[in-house]
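Below you'll find the structure I mean.
Ligands are counted one by one from 1 in listed order, and the atoms in each one are counted from 1 as well. Counting begins at 1 with the first residue of the sequence.
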Amino acid sequence: MEIHKTINGVRQLVRSWKKANLTVGVVPTMGFLHEGHASLIKRAKAENDRVVATIFVNPTQFGPNEDLATYPRDWDHDVSLCEKLGVDSIFNPEPAEMYPSPFFTEVEVPELSLELCGASRPGHFKGVCLVVTKLFHITEPHKAYFGLKDAQQYFILKRLAADLNLDVTLVPCPIVREPDGLALSSRNSYLNPVERQAATVLNKALTAAKEAIDKGERNVKTLLDMIADIVAGEPLAKLDYVQAVETVGLTPVTRIEGECLVAAAMWMGKTRLIDNFVYLWRKN
Ligand code: PAF
């Protein structure tokens, strides 16, 4: 496994693979890798001849009061997991390699960044779009793998790739959960044992709404109230938002029809957790 800290280094490696007609998959990450990331890497390995994992805690996607300084990191664990999973190269640049000074360019999909996490985290998706565009240009992959825990991120990046004619296929991968339903996230490491236990309420609330849709409930207000009530029943949890949107423009819907994303975020102490489900409803 080759570890590259420079854009030129990883680019030369990927170009040598492509010259040999090998296919390349990229798994963009911010490190502190867990089983969710492992599932993306395994999928990338199964579908490509070579896999690059990028490990870069991207400063431009953190707001001024967010957790950039304390974002969890474990380089040795990340390297050994990547090695074990057969990653061919890790790209691990320093911020100055990605954002040399001066740096002025912005990349944004504003329409899709208004609702859901975009409303609570202004500028977040602009930072994600910028870094992922750069990572695509640097690693020139055939396919790129994203977890659906960050569903809004996936839909925004899919739009970005289509609008800018990027020659890369985005592959959405299912959310990986703990046995008690909590979606895996690097930020789960911030939770103390009591918060960790209480954090399961988010998935419980979303699952209850999903089951209600299965039974025929289509009214979004009823569903969102149900989720909010269940989260409110957990004294340690504070709901940030719960919304249902269609999956093209990410605009709010009033009835579950076609493909909808039902997503929520909550605060558990100082930790913000997100979860969601995508529901495809078709009239029989
Ligand atoms: O999902 C993430 O970990 C990050 O947002 C990403 C896609 C690696 C960009 O920094």
Side-chain angles (χ1 to χ4, degrees), residues 4 7 10 25-41 43-44 51-63 66-75 77-78 81-82 87 89-95 97-99 103 105-109 112-113 116-118 120-139 141 143-161 164 166 168-176 183-190 250 261 263 265 271-276:
H4 287 280
I7 291 169
V10 74
V26 70
V27 181
T29 82
M30 297 207 300
F32 207 68
L33 304 180
H34 50 62
E35 279 306 308
H37 299 109
S39 74
L40 307 181
I41 292 171
R43 178 95 178 257
V51 171
V52 178
T54 72
I55 297 182
F56 179 59
V57 182
N58 172 38
T60 65
Q61 69 188 74
F62 287 79
E66 292 186 350
D67 56 346
L68 173 62
T70 55
Y71 194 82
R73 295 162 205 243
D74 189 344
W75 174 248
H77 167 264
D78 291 352
L81 184 65
C82 286
V87 166
S89 178
I90 294 177
F91 176 50
N92 173 234
E94 293 299 324
E97 177 75 0
M98 291 296 276
Y99 301 114
F103 194 100
T105 302
E106 295 182 342
V107 185
E108 199 177 5
V109 189
L112 275 62
S113 306
L116 308 160
C117 287
S120 315
R121 302 187 68 190
H124 168 67
F125 289 114
K126 193 151 87 166
V128 170
C129 288
L130 175 61
V131 78
V132 172
T133 304
K134 284 173 69 75
L135 291 171
F136 284 172
H137 284 303
I138 292 163
T139 61
K143 292 186 177 180
Y145 295 80
F146 295 93
L148 278 174
K149 184 177 75 65
D150 298 296
Q152 184 175 18
Q153 168 173 281
Y154 165 70
F155 287 115
I156 289 174
L157 293 173
K158 188 172 140 184
R159 184 78 260 151
L160 178 145
L164 297 184
L166 302 184
V168 53
T169 302
L170 271 64
V171 182
C173 301
I175 299 176
V176 178
L184 293 196
S185 163
S186 302
R187 289 190 169 99
N188 291 349
S189 65
Y190 296 149
L250 303 188
L261 166 65
T271 308
R272 187 171 174 280
L273 300 174
I274 59 174
D275 202 346
N276 69 77

Report yes if some N/O of Q61 lies less than 3.5 Å from some N/O of ligand 1; otherwise report no.
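For ligand 1, there is an N or O atom that lies under 3.5 Å from one belonging to Q61.
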Over all heavy atoms of both residues, which pair between C129 and L157 is shortest? Give the atoms and the distance, please.
CA-CD2, 4.3 Å
Closer than 4.0 Å to some heavy atom of V131 - which atoms of ligand 1 meet that?
9 (C), 10 (O)
The closest protein heavy-atom partner of atom 3 (O) of ligand 1 is M30 CG, 3.7 Å
Relative to the ring of F103, is the ring of Y99 parallel (under 30°), tilted (30 to 60°) or perpendicular (over 60°)?
perpendicular
Around atom 7 (C) of ligand 1, find the nearest protein heavy atom and jot down its residue, atom name and distance.
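The answer is Q153 NE2, 3.5 Å.
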Heavy-atom pairs closer than 4.0 Å: do any link ligand 1 to the side chain of T29, the backbone, both, or neither?
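Backbone only; the side chain of T29 stays clear of ligand 1.
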If you count the atoms of ligand 1 from 1 in the order shown, which ones are under 4.0 Å from a heavy atom of P28?
8 (C)
Kindly indicate whether the side chain of V26, heavy atoms from C-beta on, has any atom under 4.5 Å from the side chain of F91.
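A side-chain contact is absent here, since even the closest heavy-atom pair is not under 4.5 Å.
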For K134, is there any backbone N or O sitting under 3.5 Å from a side-chain donor or acceptor partner on H137?
no
Work out which heavy atom in G127 is nearest to a heavy atom in N58; give both atom names and the distance.
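Nearest heavy atoms, G127 then N58: O-ND2, 3.1 Å.
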